[in-house]
K.L.:
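Quick one: this structure, given as structure tokens, is what I'll be asking you about.
Proteins come first, then strands; the chains are lettered A, B, ... in the order of their sequence lines, and each starts at number 1.
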Amino acid sequence: MNPSPSLLCEHPFLKGMSEPFIHKLSAIATHLSFKAQSYLFVEGQKADKFFLLQKGLVALETYFPERGILVIQTVGIGHVVGWSWICPPFLWHFSARVIDPVDAFVFDATCLRQMMEEDPSFGYEIIKRIIPLMLERLQATRLQFLDIYGPPS
Amino acid sequence: MDHLPDFPENPFIPKPFVIEEKKRESPSVFSLYLRPIDQLPFYFLPGQFNMLSAIGGGEAAISIASDPTNPHILIHTLRIVGNVTKALSKLDKNDFVLVRGPYGRGWPIDLVKRKTLILVAGGIGLPPLLPLLYIAQKNKGYFKNLILLYGARTKDDLLFMPLLYKLKAEQIITLHVSVDRPSRDWKGQFGTVTALIPSISFDNKETFVFSCGPEIMMRFMARAFIQKNLPKEHIFFSMERNMKCAIGICGHCQLSPFFICKDGPVFPYEKIEHLLTVEEL
Ligand SMILES: Cc1cc2nc3c(=O)[nH]c(=O)nc-3n(C[C@H](O)[C@H](O)[C@H](O)COP(=O)(O)OP(=O)(O)OC[C@H]3O[C@@H](n4cnc5c(N)ncnc54)[C@H](O)[C@@H]3O)c2cc1C
Ligand code: FES
């Protein structure tokens, strides 16, 4: 079942978005729950979904030869999971495993991309909201690389 | 010492304390539980520090990590990095430690009474924030909400977790913990502590942030809160520089116009923001 626009607009990612845009999104969304240890998506597979987390915690992980599966980052409440659907080749770069049970709005990313192409003002609104999150994730990753808690040199 | 008329006694003479207990907190971190030999209560304010030394082992500034309402036991938590901390790490129960202090300006606790307080701690930055947790434990309702965002390098580097889980279970704190380096046995959040900020919500007018940890972490942390519209003047940092006198005479701890030992170590972010990106300060 599609989540109601009033429920959707409560999500931090969509807060303040105009009603017509929320209605558009509602038409391509489902409200799903995922159990702990299940996967939202798997590395290398087609990136055809876009997730807005309402509850829970997700680990982004990848396979590292000889060291097994490694967690790169965790993503929690109010966040977006998955943006590989935005750029070709539309394949997931990481796997997303559920740590704490998740409730999420899940969007059909192929439809979303098409809607963004057809209505650039809608497309721009989505991109404007995604870019700060990407930036935030990039900054967090850079800090992780710096090993800020390591012993003083 | 004729040129120091304001001090009632020689400020460089330390007081001997005896180690009542020594605890290993992580592979490179240990705590000393100290009792004053003169049995006099040792009063301090949260966020203040002492100069600590093993006899003949040099001095280092170390934050006070104990309960301010119990002046009979003084707790310090140290990471072994160099000569002084190594010498202190070799001491054991019943050995003596020399203590000068307490020094510096601590956390502005009156400002945050009945307000939401977010503590952001990175690595060995947690101990100076512990006195605030003890205040919250002893005096329920002192803070409207107390949220702790705590980051460390790995699961094994996380300090005081039993205490933190206990405070969480007693609903004294809301706890968010994150580690930087992945390991199979860690089931919580990954990433530096700054990555926890976007997902917490708070009322900007009624919320304050106290932070202690690596300077770069605090810088990024402040920006993340400002991005969430928290006023700059609601953010406070505890700063570190190497110290010698600890009373504002030698200039060792100078940060442009400030002496960290005397004007800090706790500073409003607003006052020092412009100094944080200046090289070699
Ligand atoms: C107000 C204040 C409170 C402090 N609280 C604590 C505490 O609670 N627990 C704790 O373990 N430490 C604390 N410190 C840090 C501690 O004082 C220093 O690490 C001190 O230099 C240790 O002395 P040492 O002789 O063992 O190491 P040193 O020989 O002085 O230093 C060893 C290495 O660490 C580097 N280093 C030294 N100090 C710092 C620093 N402050 N930041 C970054 N690199 C540094 C040196 O360049 C050197 O590479 C505090 C410092 C200040 C100013
Ligand atoms: S340590 Fe001497 S002035 Fe601060």
K.L.:
Give a yes or no on this: more than 12 heavy atoms of other residues, nucleotides or ligands lie within 6.0 Å of atom NZ of A/Lys49.
P.N.:
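Atom NZ in A/Lys49 is not crowded, with 12 or fewer foreign heavy atoms closer than 6.0 Å.
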K.L.:
Taking every heavy-atom pair that is under 4.5 Å apart, which of B/Gly191, B/Ser178, B/Ala152 has the most such pairs with chain A?
P.N.:
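Of B/Gly191, B/Ser178, B/Ala152, B/Ala152 has the most heavy-atom pairs under 4.5 Å with chain A.
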K.L.:
Give a yes or no on whether B/Glu206 atom CD has more than 12 heavy-atom contacts from other residues, nucleotides or ligands under 6.0 Å away.
P.N.:
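Yes.
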K.L.:
So for B/Arg223, is it side chain, backbone, both, or neither that comes closer than 4.5 Å to the heavy atoms of chain A?
P.N.:
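Neither part; nothing is under 4.5 Å.
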K.L.:
Please check if the number of heavy atoms outside A/Lys15 that lie under 6.0 Å from its NZ is greater than 12.
P.N.:
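Yes.
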K.L.:
Which residues in residues 75-111 of chain A have any heavy atom lying under 4.5 Å from a heavy atom of chain B?
P.N.:
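Residues A/Ile77, A/His79, A/Ile99 are the ones that qualify, each having a heavy atom under 4.5 Å from chain B.
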K.L.:
When rounded to the nearest 0.5 angstrom, what is the spacing between CZ in A/Arg142 and CD1 in B/Ile216?
P.N.:
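It comes to 11.0 Å.
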K.L.:
Could you measure the distance from the OG1 atom of B/Thr192 to the CD atom of A/Gln139? Nearest 0.5 Å is fine.
P.N.:
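Spacing of OG1 (B/Thr192) from CD (A/Gln139) equals 10.0 Å.
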K.L.:
Mind checking the OH-CE spacing from A/Tyr149 to B/Met217? Nearest 0.5 Å is all I need.
P.N.:
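If we round to the nearest 0.5 Å, A/Tyr149:OH and B/Met217:CE are 6.0 Å apart.
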K.L.:
Give a yes or no on whether B/Lys244 atom NZ has more than 12 heavy-atom contacts from other residues, nucleotides or ligands under 6.0 Å away.
P.N.:
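At most 12 heavy atoms, drawn from other residues, nucleotides or ligands, come within 6.0 Å of this atom.
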K.L.:
By a 4.5 Å heavy-atom criterion (distance strictly below it), what part of A/Leu57 contacts chain B: side chain, backbone, both, or neither?
P.N.:
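The side chain, not the backbone.
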K.L.:
How far does CE of B/Met218 sit from CD1 of A/Ile148, to the nearest 0.5 angstrom?
P.N.:
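Rounded to the nearest 0.5 Å, the CE-CD1 separation comes out at 10.5 Å.
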K.L.:
Treating A/Thr74 as the side-chain partner and B/Phe190 as the backbone partner, does any N or O pair qualify as donor plus acceptor under 3.5 Å?
P.N.:
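Yes, because the side chain of A/Thr74 sits within donor-acceptor range (under 3.5 Å) of the backbone of B/Phe190.
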K.L.:
Tell me, yes or no, whether the heavy-atom count around B/Asn83 atom CG, taken from other residues, nucleotides or ligands under 6.0 Å, exceeds 12.
P.N.:
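12 or below, so no.
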